[in-house]
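Report on the structure given below.
The sequence lines fix the lettering, A, B, ..., with proteins before strands; numbering per chain opens at 1.
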Amino acid sequence: MSGPTTGQVITRFAPSPTGALHVGGARTALFNWAFARHHDGKFILRFEDTDQNRSSDQSAQSILEDLQWLGIDFDQGPFRQSERLNHYNQHIDRLLADGYAYEDGGAIRFRMNSDVAFDDAVYGHIEVKARELEDFVIRKADGFPTFHLAVVVDDALMNVTHVIRGQEHLTNTTKHVALQDALAYARPVFTHTPTILNPDGSKMSKRDKAKAAREAARSWLKAHGDLEDLAKQCAQKCDKSMDAIADFIEKRTDDIEVGQAIAKVLEVSLPETEIEDFRSNGYLPDVLCNYLALLGWSPGNDVERFDLTFLKEHFGFDRINKSNAHFDREKLRAFNGGTIRQLPPGDWSAMLRSYMLESRPGQIEKLDDHFTLFADCYHERSQTLDDPTRLGKAFFMGNDQVEYDAKAVKKQLTRSNGEGLNSLRQLALQLDACNDWSPKAVDETITTFADKNGLGLGRVAQPLRVAVMGNAVSPPIGDTLVILGKVATLERIGRCLRLHSGNISPRHTGG
RNA sequence: GCCCCCUUCGUCUAGUGGCCCAGGACGUUGGCUUCUCAUGCCGAAAACAGGGGUUCGACUCCCCUAGGGGGUACCA
């Protein structure tokens, strides 16, 4: 083997800062990190910002933050290729002088005139004939090197021993190998990893979010028809004009801020494609790393839940797969939920608190001093940190803003001559008289009432649940009422009785 | 078009010639527990892309076909 096989292992993650870190990039970073750590080597971060038009400091900054959030630390860098032009120019001069490169319309091209072969740690021996290869640009007319030249020079100068990157670079590697040979640099070990695809087989990209938002908007318009109304509501959620929103829906722009506003208004969730999306939607970094690592790698022995420590102990090229993987959000959610459930209650509560403080300011106050009970209740009901506020959104509404689900109202309250409403009316009296507003006492009040009236608990608890929450789903009824508080409970019951007493339907509808 | 790569349940995967009439996980689904939801527990259905070889024996090796991904940029 021609590569540097002795000495310290050095890997690098080399993203181009042209946007936020996406799942594919994160997995590449993770693999490089895990390999370096496994071998007690060094892991370098390097921004490949040789495309002046598309690179931005803002992107670089967000990539840094996302890596940190994921728990991927590096030993050197971040380097920036835009600050290393002298190195590239020196090498280009050498290639020119040695006849490997020539000028062409303001640019410099490298001659590709012989067959190229190399060994990939995952894909094996790769060979390409000279007739398939073309001379390629190594310095653009703007004076910046191309990615190919910069990568080769930097990897050599930084003593990178192992290059781990996405499979889309497999063919590019012929160029890099030829360059390395011409510059008399040792070849690193190349390791290409399979691509992460959407469930439908398309490549994952941030455009997926725009697409999903647009589809949601269009189907809403189909049902409700009023573009102006939708645009107005969306304009309130972002600083875009109503025209900008119309442009987005008509696919004249892909402005993601508009997409997010639409998603907010229509209460749909956009597919996560970037690390910050997973973060803001309440996924745990460890779980995301775990799931990402499993896309293309596995430890064997039917093991699939593990942490970063396990990953760095067990990671190796020999268990990387060759075929592309579809990203399955359901499985990620299930993993995330599984990890949440295993958290000690105190940890979960603290984690939820800081998440809500950051992403839902003002919400926690509405819970008064029942936050811990709220957290406990949603511990086994949540797959993400966002679930408690989403599933329990009725807890955060004003008492006169509860929205009633028509089906639940009919089934639990108005059906059968308003059986549910009747028991609710009497139960309200008992609750009013209950002075110890604790889960235990409230539960007792309810079960006592049910027993006295010869009703199953379900016949009593369900109408009550609908009355206070708007639908038939919530944590155990005693907990639900305590989180809500006595005042809110009674107010909501009162409003519910007023709202629905006029709609009682008979036992037999004859339909 | 040309070149390179890939192909096990719907999805992620285990499997490196006999241990496999193929194992695990998510999802789907039946049941139990139950005030709803959820959790928990017990079951079920579900795959070696197709066709040729090689071999005593092929999911595992070779070839062809089909399907998928990537490259073919003065993007990375």
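Checking the phosphate oxygens (OP1, OP2) of B:rC2, no side-chain nitrogen or oxygen of A:Lys129 falls inside 4.0 Å. Here A:Arg459 does not reach the OP1 or OP2 of B:rC35: none of its side-chain N or O atoms lies under 4.0 Å away. Contact annotation: A:Asn301 side-chain N/O to B:rG23 OP1/OP2 distance is not under 4.0 Å.
For B:rC5, the base has no donor-acceptor partner in the side chain of A:Lys322 [N/O atoms by modelled type, under 3.5 angstrom].
In this structure, CD1 of A:Ile320 is placed 18 Å from P of B:rC5, rounded to the nearest angstrom. Regarding A:Phe335, its CZ atom lies at a distance of 17 Å from the P atom of B:rU11, rounded to whole Å. Computed from coordinates, the A:Glu132 CD to B:rC3 C1' distance equals 5 Å when rounded to whole Å. Between the CG atom of A:Leu149 and the P atom of B:rA73 there is a distance of 18 Å, rounded to whole Å. Atom CG in A:Asn324 sits about 9 Å away from atom P in B:rG69, given to the nearest Å. The separation between A:Glu134 atom CD and B:rC4 atom P is 15 Å, rounded to whole Å. If you take CG of A:Asp154 and C1' of B:rA76, they are 14 Å apart, rounded to a whole angstrom. Put simply, CG on A:Leu294 is 11 Å from C1' on B:rG24, counting in whole angstrom units.
Side-chain proximity of A:Phe147 to the nucleotides B:rG24, B:rG27, B:rA76 is greatest for B:rA76. Minimum atom distance to the side chain of A:Lys140 is reached by B:rC75, of the listed B:rC75, B:rC26, B:rU8. In this structure, the nucleotide among B:rC74, B:rG27, B:rA76 sitting nearest to the side chain of A:Ala107 is B:rC74. In the set B:rG70, B:rG15, B:rA38, B:rG15 carries the atom at the smallest distance from any side-chain atom of A:Arg319. With B:rG27, B:rA76, B:rC74 as the candidates, the nucleotide lying closest to the side chain of A:Asp51 is B:rA76. Distance from the side chain of A:Thr146 is smallest to B:rA76 among B:rA76, B:rC3, B:rC6. Checking B:rG69, B:rG27, B:rU13 against every side-chain atom of A:Asn321, the shortest atom distance belongs to B:rU13. The nucleotide whose nearest atom lies closest to any side-chain atom of A:His326 is, among B:rC2, B:rU11, B:rG27, B:rU11. Counting only heavy atoms from C-beta on, A:His148 has its side chain closest to B:rA76 among B:rC35, B:rC12, B:rA76. Here the side chain of A:Ile126 is nearest to one of B:rC75, B:rC4, B:rC12, namely B:rC4.
The cationic group of A:Arg139 does not satisfy the cation-pi geometry with A:Tyr88, failing either the under 6.0 Å distance to the six-membered ring centre or the 45° limit from the ring axis. In this structure, A:Arg353 satisfies the cation-pi test against A:Phe371, with its NZ or CZ atom closer than 6.0 Å to the six-membered ring centre and inside 45 degrees of the ring normal.
On the P atoms, B:rG69 is 33 Å away from B:rA58, given to the nearest whole Å. Rounded to the nearest Å, the gap between the C1' atom of B:rC61 and that of B:rU54 is 8 Å. A distance of about 15 Å separates the C1' atoms of B:rC12 and B:rU7, rounded to the whole Å. B:rC2 and B:rG50: their P atoms are spaced 26 Å apart (whole Å). Between B:rC59 and B:rG18, the distance separating the two P atoms is 11 Å to the nearest Å. Separating the P atom of B:rG68 from that of B:rU11 is a span of 14 Å, rounded to the nearest Å. Between B:rU60 and B:rA44, the distance separating the two C1' atoms is 29 Å to the nearest Å. Taking the P atoms as reference points, B:rC19 lies 36 Å from B:rG31, given to the whole Å.
You'll find the ring centres of A:Phe35 and A:Phe317 inside the 6.0 Å limit. A distance of 6.0 Å or more separates the ring centres of A:His162 and A:Phe31. Separation of the A:Phe327 and A:Tyr291 ring centroids falls under the 6.0 Å cut-off. Outside the 6.0 Å centre-distance limit, the rings of A:His91 and A:Tyr100 are not counted as a close aromatic pair. Aromatic rings from A:Phe396 and A:Phe374 are positioned such that their centres are separated by under 6.0 Å.
The residue A:Thr50 sits close only to the backbone: its heavy atoms come under 4.0 Å of sugar-phosphate atoms, none of a base. A:Ala141 comes within contact range of at least one nucleobase, with a heavy-atom separation under 4.0 Å. The residue A:Gly106 sits apart from the nucleic acid: no heavy atom pair falls under 4.0 Å. As judged by a 4.0 angstrom heavy-atom cut-off over every strand, A:Arg341 is placed among residues touching the sugar-phosphate backbone only. Base engagement by A:Glu304 is indicated by at least one non-hydrogen atom pair under 4.0 Å involving a base atom. When heavy atoms are screened at a 4.0 angstrom cut-off, A:Asp443 is found touching no nucleic acid atom at all. Counting any heavy atom pair closer than 4.0 Å across all strands shown, A:Phe144 reaches no nucleic acid atom. If you check every strand for non-hydrogen atoms under 4.0 Å, A:His169 touches a base. Nucleic acid contact class of A:Asn172 (heavy atoms, under 4.0 Å, all strands): base.
Residues A:Trp297 and A:Arg319 form a side-chain contact, since some pair of their non-hydrogen atoms from C-beta on lies under 4.5 Å apart. Taking 4.5 Å as the limit, every side-chain heavy atom of A:Thr414 sits out of range of all side-chain heavy atoms of A:Glu419. Side chains of A:Ile72 and A:Leu30 form a contact here, defined as non-hydrogen atoms less than 4.5 Å apart. Between A:His176 and A:His148 there is a side-chain heavy-atom pair separated by less than 4.5 Å.
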Go through A:Asn422 and A:Arg425 one step at a time and tell me if the side chain to side chain donor-acceptor pair (under 3.5 Å) criterion holds. CA-CA 5 Å; A:Asn422 289 336; A:Arg425 193 172 290 115; 3.3 Å; yes

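In this entry B:rC37 has no Watson-Crick or G-U wobble partner, no candidate having both defining distances under 3.5 Å. Pairing of B:rA66, defined by two Watson-Crick or G-U wobble distances under 3.5 Å, is identified with B:rU7. Pairing partner, B:rA58: none, since no Watson-Crick or wobble contact has both distances short of 3.5 Å. Of all nucleotides present, none satisfies the Watson-Crick or G-U wobble test against B:rA14 with each distance under 3.5 Å.
Annotation: proximity of residues 463-480 of chain A to RNA chain B (heavy atom, distance under 4.0 Å) is found for A:Arg465, A:Ala472, A:Val473, A:Ser474, A:Pro475, A:Pro476, A:Ile477, numbered in ascending order.
Along RNA chain B, the nucleotide closest to A:Gln462 and the one closest to A:Ala325 are compared, and the more 5′ of them pairs with A:Ala325.
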